[in-house]
Amino acid sequence: MIALLLRDLRLAVRAGGGFGLGLAFFLIVVTLVPFGVGPEGDVLSRIATGVLWLGALLACLLSLDRIFALDFEDGSLDLLATAPVPLEGVVSIKALAHWITTGLPLVLAAPVFGVLLHLPGPAYFWLVVSLILGTPALSVLGAFGAALTVGLKRGGLLLSLLVLPLYVPTLIFGAELVKRGASGMDTQMPLLMLAGITAATIAVVPFASAAAIRVNLR
Amino acid sequence: MTLLAVENLTVTRGGLPVLEGLSFTLAAGHALVLRGPNGIGKTTLLRTLAGLQPALTGTISIPPESMAYAAHADGLKSTLSVTENLRFWASVYGTGPIDSALDRMNLRQLAERPAMSLSAGQKRRLGLARLLVTGRPVWVLDEPTVSLDAASVALFADAVRSHLAKGGAALMATHIDLGLHEAAVLDLAPFKALPPEEGGYKGSFDEAFS
């Protein structure tokens with residue numbers, strides 16, 4: 001299992017591995033927003049939370065189809081399915097590798113990019129908290145979408161359509177948490193909901209993803 | 001000792017049976033070569049045995065955790081080096097050093113090269129070295145000698161021979177003669193499933209949801 005995680009991380013940072021792609025995309029989205037809505041600080045700071053969360057979501061989406069497609073193409077997925085590791089574990093590890101290479105950099109970069117959008121002071125802390133709690137769910141749900149579409153030619157677009165609706169609860173409670181935290185309101189409810197959604201996702205979805213892969217390999 | 005026993009097996013591709021009534025056993029120290037024209041269902045049979053797809057009828061008995069499957073594709077990561085690829089599979093299967101596999105498949109000189117710079121035959125040799133590091137007794141091989149030259153085929157035949165001598169077994173689909181005297185040949189043509197209009201299986205079998 002550890003070997004699989006290390007292999008996936010190593011592949012991500014080697015040439016063509018796509019590490020940093022999501023981060024660069026996130027940066028571009030965030031810098032484009034002031035061009036679109038104008039540079040007024042009060043407008044930007046009001047929409048900053050939503051933009052940052054949406055940007056993180058879309059950046060996450062960008063690298064999802066690589067989770068299983070490459071392993072499917074070169075035959076490793078067949079071999080992993082016959083190897084002495086449970087497919088549920090393979091799915092979870094690959095989602096974890098995706099989070100480390102995509103979600104974690106977004107969490108770390110978001111406060112920096114927040115400056116570009118006049119994010120109000122108290123929101124920085126809650127932005128990082130909400131992204132740390134929310135992005136693992138994005139990777140696990142994304143791995144499920146990738147498992148459903150593995151083996152399909154040009155499955156990437158279908159993958160986005162399948163996965164984005166599943167991201168809605170995470171987005172709602174993630175953005176709500178930052179909004180409440182920034183304005184000094186009670187944050188317990190969105191915090192618990194966000195953490196709960198992520199925990200439930202991690203607990204349940206890998207089984208569905210493994211089942212989808214088994215069906216797709218037949 | 002019987003390592004693999006197949007009884008009355010019917011395998012399907014695309015919802016239709018391709019081979020039916022197949023029974024054979026494979027004992028330790030023996031190899032079985034599957035023969036048959038293209039499309040007869042060799043790959044389907046091997047994938048079914050490997051557990052990648054369900055069988056319509058019949059039983060497959062094999063001790064747990066004893067099979068290593070090698071498909072048409074070698075499952076190599078092109079940006080990883082030969083050693084990195086092999087080490088990965090060795091740790092997935094929980095086996096130890098990879099040096100003897102490197103030597104056995106004559107990959108020592110290529111050890112630090114990334115897999116993408118290997119030729120087709122060298123990649124195949126790396127794919128076969130992966131089998132050696134699995135440490136599994138039953139090899140299920142789909143066209144193991146594709147893109148290998150005569151010298152590499154001989155290397156592979158030696159590897160199979162020493163695997164058999166150590167109490168392993170091998171089941172392979174191949175069109176060429178490996179020069180393995182201990183290998184029995186199973187011709188699949190007599191087991192070809194009849195089409196529905198000639199009295200074959202008429203139901204519909206959904207591989208995805210069985």
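Letters A, B, ... mirror the listed sequences (proteins, then strands); counts begin at 1. This is a predicted model, so every value here is computed, not measured.
- Note on B:R104 versus B:D158: no salt bridge recorded, every NZ/NE/NH1/NH2 to OD/OE distance being 4.0 Å or above.
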Please report, to 0.1 Å, the donor-acceptor pairs under 3.5 Å made by any side chain of residues 158-174 of chain A, with sequence neighbours excluded.
{"from": "A:S160", "atom 1": "OG", "to": "A:G156", "atom 2": "O", "distance (Å)": "3.0"}
{"from": "A:Y167", "atom 1": "OH", "to": "A:L138", "atom 2": "O", "distance (Å)": "2.6"}

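- In terms of modelled atom types and a separation under 3.5 Å, the side chain of A:S139 and the main chain of A:P136 share no donor-acceptor contact.
- Atom-to-atom distance recorded for B:M105:CE and B:S100:OG is 10.5 Å, nearest 0.5 angstrom.
- For A:N216, no part sits under 4.5 Å from any heavy atom of chain B, backbone or side chain.
- Interface remark: B:L76 contributes backbone atoms only to the contact with chain A (heavy atom separation under 4.5 Å).
- Of the residues considered (B:G51, B:A71, B:A73), B:A73 shows the highest number of contacts with chain A, using heavy-atom pairs under 4.5 Å.
- Residue A:I2 does not touch chain B at all, counting heavy-atom pairs closer than 4.5 Å.
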Practice prompt. Evaluate the criterion salt bridge (Lys or Arg N to Asp or Glu O under 4.0 Å) for residue pair B:R108 and B:D99; output intermediate values, then yes/no.
Written response: CA-CA 8 Å; B:R108 179 63 71 184; B:D99 299 270; 3.6 Å; yes

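- Of all the listed residues (A:A81, A:G75, A:A211), the one sharing the greatest number of non-hydrogen pairs under 4.5 Å with chain B is A:G75.
- Here the shortest heavy-atom pairing between A:T198 and A:A137 reads OG1-CB, 3.6 Å.
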Discussion item. A:D8 vs A:R66, test: salt bridge (Lys or Arg N to Asp or Glu O under 4.0 Å). Steps then yes/no.
Written reply: CA-CA 11 Å; A:D8 270 23; A:R66 310 180 63 97; over 6 Å; no

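- Separating the CG atom in A:L11 from the OG1 atom in B:T79 is a distance of 4.5 Å, to the nearest 0.5 Å.
- Residue contact with chain B, scored on non-hydrogen atoms closer than 4.5 Å, involves the backbone and the side chain of A:L70 alike.
- Among the residues in residues 113-142 of chain B, those with a non-hydrogen atom closer than 4.5 angstrom to a non-hydrogen atom of chain A are B:R130, B:R136.
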